[in-house]
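Numbered from 1 within each chain, the chains take letters A, B, ... in sequence-line order.
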2 protein chains.
Amino acid sequence: MSTATVSAVVNETAFVSPELRARVTAAIAQLDYAPLSAARNLKRGRSQLIALVVSDLANPFFSRVVCAAEAAASAWGYALVVFNSDEKPENERRILTRIRTLSCDGILLVPVDAQLRGEFRDDEGRTVPLVQFGRTADRGRSDSVTIDNVAAGRQVTDYLLDLGHTLVGTITGPLHLTTGRGRLDGLRHAMAARGLAPLDAHIRSGEFREDVAYSVAREMIDAPTRPTALYAASGVMALGVMRVLADLGLRCPDDISIASTDTIPGIGALRPRLTRTEHPVTDMVNEGLRILNDRITQVRQDPARQDPARHVVFQPLLILGDSCRPLRVS
Amino acid sequence: MSTATVSAVVNETAFVSPELRARVTAAIAQLDYAPLSAARNLKRGRSQLIALVVSDLANPFFSRVVCAAEAAASAWGYALVVFNSDEKPENERRILTRIRTLSCDGILLVPVDAQLRGEFRDDEGRTVPLVQFGRTADRGRSDSVTIDNVAAGRQVTDYLLDLGHTLVGTITGPLHLTTGRGRLDGLRHAMAARGLAPLDAHIRSGEFREDVAYSVAREMIDAPTRPTALYAASGVMALGVMRVLADLGLRCPDDISIASTDTIPGIGALRPRLTRTEHPVTDMVNEGLRILNDRITQVRQDPARQDPARHVVFQPLLILGDSCRPLRVS
DNA sequence: CTGATCCAGCGAACCGTTTCGACGATGGAA
DNA sequence: TTCCATCGTCGAAACGGTTCGCTGGATCAG
């Protein structure tokens, strides 16, 4: 029989007589045959691969993203290729080139480079669907799935202000990132709404890393005018802050109230329970892959079609723990 | 000029005159050309893809593995495809089939299925290099990189016994896994060496999950004869145990000593500092990829060659925290 | 000057699958 | 009976690179 018939059987793309089909499937089983995707990709122009590029794979937050993305990709029939740009624009560029040669069908990207070009085209000039995740670098050009960072900062700050705190400090991320800048803006807005403003010394930004947060928080907490409440703008930063407290012999919430944003796995075992905003990571990732899959099928059907970019913004959810307490009047 | 020349330039596989080379590189830059790996793979029979199959992607321990594997794969020139078998044999089988169609060059596998067939062959009948990571399911058949689990259990237990504890309990993993069984054996050996044995009620095994450890530990700690020291056989389990203590109002190490094995990210912020054995995850993953790369190049040079399997066993390192204290004579 | 040597560049086959048009057999309608 | 659809199957081109062997011009020694 011919290879065409085998292809028809494997892909169920044409009617094949029962006996011939039986012989084909028998042969497949006997030879333990599996179609080679390289050849299939070459012909079909797709790869059934989704690329996930995160900005810091060592950050447990992104571990959750990887986990959710693997599940979602698998559910949609894709395999997930994981890359780590490590917050370096040159890595990101290198990775995007690599992705192009792999001819991945779609890209879920936590952008690092502000100069990210929105249109990412493959060799045939078709655009490869790209969804920005968590942050945006080219506002509006490509699809994005993000959290409302300003709302996260505001929710947490409002809560702290409600408790009577006025000396609220924050350790936030890099200000050129929407995640770092947004959460700080949220804090400022919330304070401004009550006629307050944070002290300059109480605003610090740095990489979203535990050790960075530790050293920065230590400085701030050691300083003469210590904030009575501290907003750590990410989960790993909160860990760093808690470690500062332990090392300085301070107690939370008795000596200082702590709140954060963006949960990481294992934080549930921390005592006191951290007051924080949670991100619906799984939902966000699912939405990202849904958009990617939409775009992929759409591009395949009508390469010329150019829909406007979709921007899905999720809302953070404030979870109350016992790491904050009302300010005692001293 | 011909495509052969372009190929020669791109792959640096033959000498090309400077001016022609310049024209080629100029054209590549102008057209923004990148070779399509599907076509390249089809011809070369390789994919520059390494598959990483972990047994539980939600476990922060494996997040570290993913992170290290991405870095190592990238350094060797591979891209990393991540799969999650979720401790289910049927998933593992499905994934291995998928990997074969992707014609990955090598596989780093945390095995789930005891019936794992050691020889994993691709369509041409060549064996695809496979390294078992962390656990072994087909002892001796394929290469493996593991930790000395028995030593880990013994080190921790010896330390606890040195502190005077005799009622040592453990929450360990599934006993059909070398990780769960080995750590328990280590504990038994250490106790037997001093003429001791754990109480049956103080030996519990279950999945390597925080919630499982929580409920199991809670039962054990609530029971009349509570162990004075508890060995949690994994990082996430330790978190579950610590949460039990917090919820029961017990203090560590005053009321009970806790020690564990296999560190996870963020555990450094936990107070008290956990006494534990650390796994050299990065070194282990690097070794795994080094073996894979060796095998890959070896198979390419001489498909018939059959070297004996290599088994690299790393030693755990005991890190002393302050979660254990000498048993007070009561 | 001539024949051998060398080498840059090229043509074409090939990798394994999909896809489309062709083809022969079959069956129903005129 | 003849003619035309219909339908199952097949042959062959195409996908985009790599690779091998060939060619033709330059170089060099005799």
Check whether any side-chain heavy atom of Arg181(B) lies under 4.5 Å from a side-chain heavy atom of Leu177(B), and answer yes or no.
-> no
Check DNA chain C against residues 7-29 of chain A and give the residues with a non-hydrogen atom under 4.0 Å, in numerical order.
-> Ser7(A), Asn11(A)
Which nucleotide in the list dG17(D), dG11(C), dT17(C) gets nearest to the side chain of Tyr33(A)?
-> dT17(C)
Any side-chain donor-acceptor pair under 3.5 Å between Arg40(B) and Asn11(B)?
-> yes
Is the shortest distance from a Lys or Arg side-chain nitrogen in Glu287(A) or Arg290(A) to a carboxylate oxygen in the other one below 4.0 Å?
-> yes
Taking only side-chain nitrogens and oxygens of Ser2(B), does any of them come within less than 4.0 Å of OP1 or OP2 of dG9(C)?
-> no
To the nearest 10 degrees, how far apart in direction are the end axes of the helix from dC1(C)-dG30(D) to dA30(C)-dT1(D), each fit to five base pairs?
-> 60°
What's the shortest heavy-atom distance between Arg135(B) and Pro111(B), and which atoms?
-> NH1-O, 2.9 Å
Decide, yes or no, whether a salt bridge links Asp32(B) with Arg100(A) under the criterion of side-chain N to carboxylate O below 4.0 Å.
-> yes
What's the closest nucleotide to the Ala4(B) side chain, out of dT19(D), dT18(C), dG16(D)?
-> dT19(D)
With side chains defined as the heavy atoms from C-beta onward, is the minimum distance between Val131(A) and Ile107(A) less than 4.5 Å?
-> no
How many Å lie between NZ on Lys43(B) and C1' on dA12(C), as a whole number?
-> 11 Å
Gap between atoms CG and C1', on Leu42(B) and dG17(D) respectively (whole Å) = 9 Å
Does Asp56(B) pair with Arg209(B) as a salt bridge, N-O distance under 4.0 Å?
-> no
Round to a whole Å and report the spacing from CE of Met1(A) to P of dT17(C).
-> 14 Å
Between CG of Leu36(A) and P of dC14(C) the distance, given in whole Å, is 18 Å
What do the steps show when you test Ser37(B) against Gln48(B) for side chain to side chain donor-acceptor pair (under 3.5 Å), and what is the final call?
-> CA-CA 9 Å; Ser37(B) 60; Gln48(B) 296 293 94; over 6 Å; no
